[in-house]
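Inspection log for the structure reproduced underneath, given as structure tokens.
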Amino acid sequence: MKQRISRKKDCMEDIKQLTEKIIDEYKMFWYEMMEKDKNEIFESCNKIKFYSCVSEYFEWEENIDKKYVEALKNIIHPLGALWQYYLDHEYIRASTWDDIDGLLSCFADRLPEGIMPDSIEE
């Protein structure tokens, strides 16, 4: 029983750390955008929307799948990695939280077998 509780606590800490990393990355992105001229900002509107939606998802979603956390927690710039994945896969959408769940699921599923840990029981 202690192992289950401990693993769940570790997972919650991973979610918290990932969320903080994503929020920090979003803030840096936002400040960089604000230094650009209006034409550059206009040309970046899709990226701005993407970063806003994904960071909002991680900030407010209460039930983030553990496999998403495992797939992103060791990436230095998770928003940047997700943005690149989004650009590389034109069928993926990221306008709603359901879309973002789909994006994260595809992103996590791309990892080779064996990288994802065993599922954590709650």
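Index from 1, following the sequence. Note that the structure is a prediction, hence the values are computed from the model and not measured.
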Answer yes or no: are there more than 12 heavy-atom neighbours, outside H77 itself, under 6.0 Å from its atom NE2?
-> no

So, are D109 and K67 salt-bridged, with charged N and O less than 4.0 Å apart?
-> yes

Is there a side-chain contact between [X] and [Y], using heavy atoms and a 4.5 Å cut-off?
X    : Y    : result
Y68  : S105 : yes
D14  : E70  : yes
D101 : D65  : no

Side chains of residues 18-35: which donor-acceptor partners sit under 3.5 Å, not counting sequence neighbours?
{"from": "T19", "atom 1": "OG1", "to": "I15", "atom 2": "O", "distance (Å)": "2.8"}
{"from": "K21", "atom 1": "NZ", "to": "K73", "atom 2": "O", "distance (Å)": "2.8"}
{"from": "K21", "atom 1": "NZ", "to": "I75", "atom 2": "O", "distance (Å)": "2.9"}
{"from": "E25", "atom 1": "OE1", "to": "L79", "atom 2": "N", "distance (Å)": "2.9"}
{"from": "E25", "atom 1": "OE2", "to": "G80", "atom 2": "N", "distance (Å)": "2.9"}
{"from": "Y26", "atom 1": "OH", "to": "S52", "atom 2": "OG", "distance (Å)": "3.1"}

What pair of heavy atoms forms the shortest contact from [X] to [Y], and how long is it?
X   : Y    : value
A71 : F107 : O-CE2, 3.9 Å
E61 : W97  : OE1-CE3, 3.2 Å
C53 : A94  : CB-O, 3.8 Å

Same hydrophobic cluster for W60 and L103, using side-chain heavy-atom links shorter than 4.5 Å among ILVMFWY?
-> yes

Using a 3.5 Å cut-off and no angle test, enumerate the donor-acceptor pairs between side-chain atoms of residues 40-50 and protein atoms at least two apart in sequence or in another chain.
{"from": "E40", "atom 1": "OE1", "to": "D37", "atom 2": "N", "distance (Å)": "3.3"}
{"from": "S44", "atom 1": "OG", "to": "E40", "atom 2": "O", "distance (Å)": "3.0"}

Donor-acceptor pair, side chain of Y85 and main chain of L104, under 3.5 angstrom | no

side-chain contact (heavy atoms from CB on, under 4.5 Å) between L82 and L72, intermediate numbers included | CA-CA 9 Å; L82 288 170; L72 291 168; 4.0 Å; yes

Which residues satisfy the side chain to side chain donor-acceptor pair (under 3.5 Å) test with T96, sequence neighbours excluded?
-> D99

When rounded to the nearest 0.5 angstrom, what distance separates NE2 in H89 from CD in Q84?
-> 10.0 Å

Atom pair CD1/CE of I64 and M12 - distance to nearest 0.5 Å | 9.0 Å

